[in-house]
Number of protein chains: 2
Amino acid sequence: MNDKQLTSILNARSVKPTAMRLLVLDMLAQQEAASSLSDLEEQFDKVDKVTLYRTLKTFEQHKIIHSIDDGTGSAKYALCSEGCECNPGDLHVHFHCQVCKRTFCLTDYTIPAVNLPHKFVLKEMNMVMKGLCEDCAG
Amino acid sequence: MNDKQLTSILNARSVKPTAMRLLVLDMLAQQEAASSLSDLEEQFDKVDKVTLYRTLKTFEQHKIIHSIDDGTGSAKYALCSEGCECNPGDLHVHFHCQVCKRTFCLTDYTIPAVNLPHKFVLKEMNMVMKGLCEDCAG
DNA sequence: AAAAGACATGCAACCGATTTGCAAAGTTTA
DNA sequence: TAAACTTTGCAAATCGGTTGCATGTCTTTT
Ligand SMILES: [Mn+2]
Ligand SMILES: [Mn+2]
Ligand SMILES: [Zn+2]
Ligand SMILES: [Zn+2]
């Protein structure tokens, strides 16, 4: 993705397009699986972990990325689709491969509805499937 | 639950019923919501966190309890139902209340099936709903 | 019963992921 | 330009979870 496109994503979410943010956004856009803070840190020649951390926080707050709790103990991050508001209706299932350890957004798989007990109010959901991904299932 | 019942639960899962284990199991049986290590620690007058930790690990390995990753950063534990083998089929949905911070087992709500993309193999699942529990929804 | 073995417990210290504090650098505003 | 605000970098703290190791307890063997 070119600089113009990256900048416009940030602008659309009212996040100032600093050099650092453009770099991080670009890197996120290149990933095929969701990335942890450490994953991203490794892919930079030199970057401050805390700045990266805060950049991700900012992105998350402005719905540029969403964080995924796949149960591994380290949060993963992936780009939100354009116009995503991270509402329960927008949410998709995530898949964590136990072999290659990658976590994928199954963006076409919406989380099935569960009707809760009486009076419970639903605000958020998290659904993670674990097993073998297509590459590892052989 | 009386000592005899607690002992038989442990025996049924081949876990030696030590004084400590009986105490912990009794405490778990009294909870209406899933408990974290710290939750349990607070409820004892005096207990070593590591011993408590290892007791929970042992219980989990022997399927006396299951652990719940509700996304709060601290694992919660709750008793398994009798004869539970923690298979994908046995699994139920969990609900975390964002107000009172309690996490509940919705034992009657099985996780709905999602048919994964071609070649993906499912081994485990985790589904957590978040929002307001019946007490907090008012 | 004494010795040996096996398992359980307690305390200290470590670990990885995340978060905070604070000062320096960079930007925007007046 | 000077003040005000935001972003960045480095150090250090926090937090939940985990490991190492010595001690205690209970069981089995001699
Ligand atoms: Mn996703
Ligand atoms: Mn449960
Ligand atoms: Zn894989
Ligand atoms: Zn509640």
Side-chain angles (χ1 to χ4, degrees), chain A residues 6-7 10-11 13-27 34-62 64-78 96 101 103 126 128, chain B residues 3 6-7 9-11 13-28 34-62 64-78 96 101-103 126 128:
Chain A
L6 296 169
T7 302
L10 295 179
N11 284 332
R13 298 291 191 168
S14 312
V15 171
K16 275 191 237 174
T18 65
M20 178 72 184
R21 287 170 180 169
L22 289 167
L23 277 174
V24 175
L25 183 59
D26 189 35
M27 185 138 289
S35 314
S36 69
L37 179 56
S38 312
D39 290 339
L40 294 171
E41 191 188 12
E42 283 173 16
Q43 297 191 45
F44 280 97
D45 278 344
K46 176 185 167 300
V47 73
D48 177 55
K49 201 182 203 115
V50 177
T51 303
L52 193 45
Y53 166 77
R54 286 198 262 238
T55 301
L56 293 173
K57 277 280 160 195
T58 301
F59 284 2
E60 189 181 4
Q61 279 159 9
H62 290 80
I64 292 165
I65 61 177
H66 58 282
S67 79
I68 304 154
D69 179 353
D70 59 13
T72 59
S74 61
K76 305 294 186 301
Y77 300 91
H96 175 73
K101 312 297 184 195
T103 296
N126 182 34
V128 181
Chain B
D3 219 66
L6 295 170
T7 301
I9 291 176
L10 295 180
N11 284 333
R13 299 291 192 168
S14 313
V15 171
K16 275 190 234 174
T18 64
M20 177 73 184
R21 289 170 179 169
L22 288 168
L23 278 175
V24 176
L25 183 59
D26 188 36
M27 184 139 291
L28 282 164
S35 313
S36 68
L37 178 57
S38 313
D39 290 339
L40 294 171
E41 192 188 11
E42 283 172 19
Q43 296 190 48
F44 280 98
D45 279 343
K46 177 184 167 301
V47 73
D48 178 55
K49 204 185 200 109
V50 177
T51 303
L52 193 44
Y53 166 77
R54 285 197 263 235
T55 301
L56 293 173
K57 278 279 160 195
T58 301
F59 284 3
E60 189 182 2
Q61 279 160 10
H62 291 79
I64 292 166
I65 61 177
H66 59 281
S67 79
I68 303 154
D69 179 354
D70 59 13
T72 60
S74 62
K76 305 294 185 303
Y77 300 90
H96 175 72
K101 312 296 183 194
R102 289 181 298 172
T103 296
N126 182 33
V128 181

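Naming convention: chains lettered A, B, ... in sequence-line order (proteins, then strands); numbering from 1 in each chain.
Comparing A:Ser38 and A:Val50 against DNA chain C, the residue whose closest nucleotide sits nearer the 5' end is A:Ser38.
For the side chain to side chain contact (heavy atoms under 4.5 Å, CB included) test with B:Leu25, the passing option among B:Leu10, B:Val15, B:Thr7 is B:Leu10; the others fail.
Going from atom OG of B:Ser35 over to atom CG of B:Leu28 covers 6.0 Å, rounded to the nearest 0.5 Å. Remark: A:Thr72 OG1 to A:His96 NE2 distance equals 5.5 Å, nearest 0.5 Å.
Counting all heavy atoms, side chain and backbone alike, B:Lys76 lies closest to B:Ser36 at CD-N, 3.8 Å. In this structure, B:Pro17 and B:Asn11 approach most closely via the heavy-atom pair CD-OD1, 3.8 Å.
Put simply, CG on A:Leu23 is 10 Å from P on D:dG9, counting in whole angstrom units. Computed from coordinates, the A:Asp69 CG to D:dG16 P distance equals 15 Å when rounded to whole Å. We find that CD of A:Gln61 is positioned 11 Å from P of C:dT19, with the value rounded to whole Å. In this entry the distance linking CD of B:Glu41 with P of C:dC11 reads 12 Å, nearest Å. The nearest whole Å value for the distance from the CE atom in A:Met20 to the C1' atom in D:dC10 is 14 Å. Summarising the geometry, the separation between NZ on A:Lys76 and C1' on C:dA17 is reported as 11 Å, rounded to the nearest angstrom. Remark: C1' of D:dG17 and CG of B:Leu40 are 15 Å apart, rounded to the nearest angstrom. Atom NZ of A:Lys49 and atom P of D:dT8 are 18 Å apart (whole Å).
With D:dC10, C:dT19, D:dT18 as the candidates, the nucleotide lying closest to the side chain of A:Arg54 is D:dC10.
Proximity of B:Met20 to B:Val47: side-chain heavy atoms (C-beta onward) are separated by under 4.5 Å at one or more points. At least one side-chain heavy atom of B:Phe59 sits less than 4.5 Å from a side-chain heavy atom of B:Arg21.
A close approach under 4.0 Å does not occur between any side-chain nitrogen or oxygen of A:Thr18 and OP1 or OP2 of D:dT7. For C:dG10, one of the phosphate oxygens OP1 or OP2 lies less than 4.0 angstrom from a side-chain nitrogen or oxygen of B:Thr51. Of the side-chain N and O atoms in B:Tyr53, one or more sit less than 4.0 angstrom from OP1 or OP2 of D:dT18. OP1 or OP2 of C:dT19 lies within a sub-4.0 Å distance of a side-chain N or O belonging to A:Lys57.
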Starting at the 5' end of nucleotides 24-30 of chain C, put B wherever the base has a protein heavy atom under 4.0 Å, S where only the sugar-phosphate does, and a dash everywhere else.
-> -------

